[in-house]
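Working notes, beginning with the structure itself.
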Amino acid sequence: ACLVGSEMCIRDSPAADVERMEFQLALRRRGISNQAVLRAMDEIPREYFVAPGSIEHAYADQALPIACGQTISQPFVVAYMTEQLEIGPAHRVLEIGTGSGYQAAILSRLARDVVSIERYRTLAEAARERIKTLGYPNITVRVGDGIAGAPDLAPFDRIMVTAAAQEVPQALSAQLGEGGKMVVPVGPRDKIQYVVRLTKQAGGDLTRENLIAVRFVPLLPGQAREL
Ligand code: SAH
């Protein structure tokens, strides 16, 4: 269905079908194999989440600029981190770094519900609006410092951080339930970071695996003072 001006309705054209098929193929070629993840990537219209000037690149495998100097992550990285999180339909998921809301929308297709925290009010409000228009009722967007997590709603089955942390935030690992998993890019600012996957064992110990190298915008402390 077309929800915005006709120029944006690239889903309604034969060219759009080809583009979507190529998008799926590119993800498979890079090793994404989980069917539920591939389906979610097919169902969520990325063109609604990018800036108006980037719509023609919505299905290219690249990060794109959004408001407040932030980025919507590269589709492969979104699919990869989602796949590595091993989400089940009963899971409650916490995301840190709502940005455009795209990753939250993908998570919402796989989990019971998603709480997503963003430090910029402007981004959070725009994401909320998009999510409402497109209709993903199991997502809640909060404005605040995601480094503190959402202690009032913890424990979570899964946590995904979509900004690069210097160290894994302790408050977040504390909010993982037993058997819970978290994926988080860890590493210095403006250098190569690694997606780290933490799993909470019975008893509370965390096992840690380093996955792929990535580049994310930094996880910054505090709610943004700018809007
Ligand atoms: N997941 C987003 C992309 C995120 S870019 C998407 O799908 O579009 C990283 C986001 O993390 C940015 O919007 C940035 O403002 C936010 N961020 C950085 N530090 C944060 C913090 N401490 N708490 C909440 N959000 C944070």
Side-chain angles (χ1 to χ4, degrees), residues 37 40-41 43-52 54-55 57-82 84-85 87 93-111 114-131 134 136 139-151 153 156 158-173 175 182-190 193 195 214-227:
V37 173
M41 295 295 294
E43 282 171 1
I44 305 298
R46 193 166 183 260
E47 69 270 26
Y48 288 93
F49 294 84
V50 303
S54 298
I55 287 177
H57 304 298
Y59 289 93
D61 194 19
Q62 59 191 48
L64 293 168
I66 56 174
C68 305
Q70 304 303 314
T71 53
I72 174 172
S73 311
Q74 179 192 346
F76 166 69
V77 174
V78 170
Y80 179 82
M81 286 175 67
T82 305
Q84 294 302 319
L85 208 48
I87 299 167
V93 181
L94 174 66
E95 182 201 16
I96 309 305
T98 313
S100 67
Y102 179 70
Q103 175 72 71
I106 297 289
L107 294 169
S108 79
R109 310 307 288 170
L110 302 163
V114 179
V115 176
S116 184
I117 307 178
E118 170 55 54
R119 66 189 289 275
Y120 282 99
R121 184 168 294 283
T122 308
L123 289 175
E125 281 171 1
R128 251 186 223 134
E129 203 48 46
R130 253 178 223 121
I131 285 164
L134 293 167
Y136 309 116
I139 304 175
T140 306
V141 177
R142 281 192 174 178
V143 182
D145 182 1
I147 293 172
L153 300 173
F156 293 94
R158 297 290 185 263
I159 298 177
M160 182 185 290
V161 182
T162 64
Q166 313 259 8
E167 304 285 344
V168 176
Q170 203 276 327
L172 296 182
S173 36
Q175 287 169 35
M182 165 160 53
V183 288
V184 47
V186 179
R189 206 169 159 161
D190 299 323
Q193 304 125 12
V195 174
V214 286
R215 254 188 111 132
F216 272 86
V217 296
L219 185 70
L220 298 172
Q223 186 178 324
R225 270 184 288 126
E226 321 85 295
L227 286 176

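One is the number of the first residue; the rest follow in order along the sequence. Atoms within a ligand are numbered from 1 in the order they appear, just like the ligands themselves.
With respect to R109 and E43, a salt bridge is recorded, a charged nitrogen being found less than 4.0 Å from a carboxylate O.
Under the rule for a side-chain hydrogen bond (donor to acceptor under 3.5 Å, both in side chains), Q175 has no partner lying at least two apart in sequence or in another chain. With sequence neighbours left out, the ring pair (Phe, Tyr, Trp, His ring centres under 6.0 Å) criterion links Y80 to F76. Taking T162 as the reference, E95, Q103, M160, F216 meet the side chain to side chain contact (heavy atoms under 4.5 Å, CB included) condition, with sequence neighbours excluded.
In this structure, the side chain of E129 does not engage the main chain of A127 through any donor-acceptor pair within 3.5 Å.
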Enumerate, one pair per line, all nitrogen or oxygen atoms of ligand 1 lying under 3.5 Å from a protein nitrogen or oxygen, stating the separation to 0.1 Å; write 'none' if no such pair exists.
{"unit_1": "ligand 1", "atom_1": "1 (N)", "unit_2": "E95", "atom_2": "OE2", "d": "3.0"}
{"unit_1": "ligand 1", "atom_1": "1 (N)", "unit_2": "G97", "atom_2": "O", "d": "2.9"}
{"unit_1": "ligand 1", "atom_1": "1 (N)", "unit_2": "T162", "atom_2": "OG1", "d": "3.0"}
{"unit_1": "ligand 1", "atom_1": "7 (O)", "unit_2": "Q103", "atom_2": "N", "d": "3.0"}
{"unit_1": "ligand 1", "atom_1": "8 (O)", "unit_2": "S100", "atom_2": "N", "d": "3.0"}
{"unit_1": "ligand 1", "atom_1": "8 (O)", "unit_2": "S100", "atom_2": "OG", "d": "2.6"}
{"unit_1": "ligand 1", "atom_1": "13 (O)", "unit_2": "E118", "atom_2": "OE1", "d": "2.7"}
{"unit_1": "ligand 1", "atom_1": "13 (O)", "unit_2": "E118", "atom_2": "OE2", "d": "3.4"}
{"unit_1": "ligand 1", "atom_1": "15 (O)", "unit_2": "E118", "atom_2": "OE2", "d": "2.7"}
{"unit_1": "ligand 1", "atom_1": "19 (N)", "unit_2": "L220", "atom_2": "N", "d": "3.0"}
{"unit_1": "ligand 1", "atom_1": "22 (N)", "unit_2": "D145", "atom_2": "OD1", "d": "2.9"}
{"unit_1": "ligand 1", "atom_1": "22 (N)", "unit_2": "L220", "atom_2": "O", "d": "2.6"}
{"unit_1": "ligand 1", "atom_1": "23 (N)", "unit_2": "G146", "atom_2": "N", "d": "2.7"}
{"unit_1": "ligand 1", "atom_1": "25 (N)", "unit_2": "R119", "atom_2": "N", "d": "3.3"}

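Residues L64 and S54 share a closest heavy-atom pair of CD1-CB, 4.0 Å.
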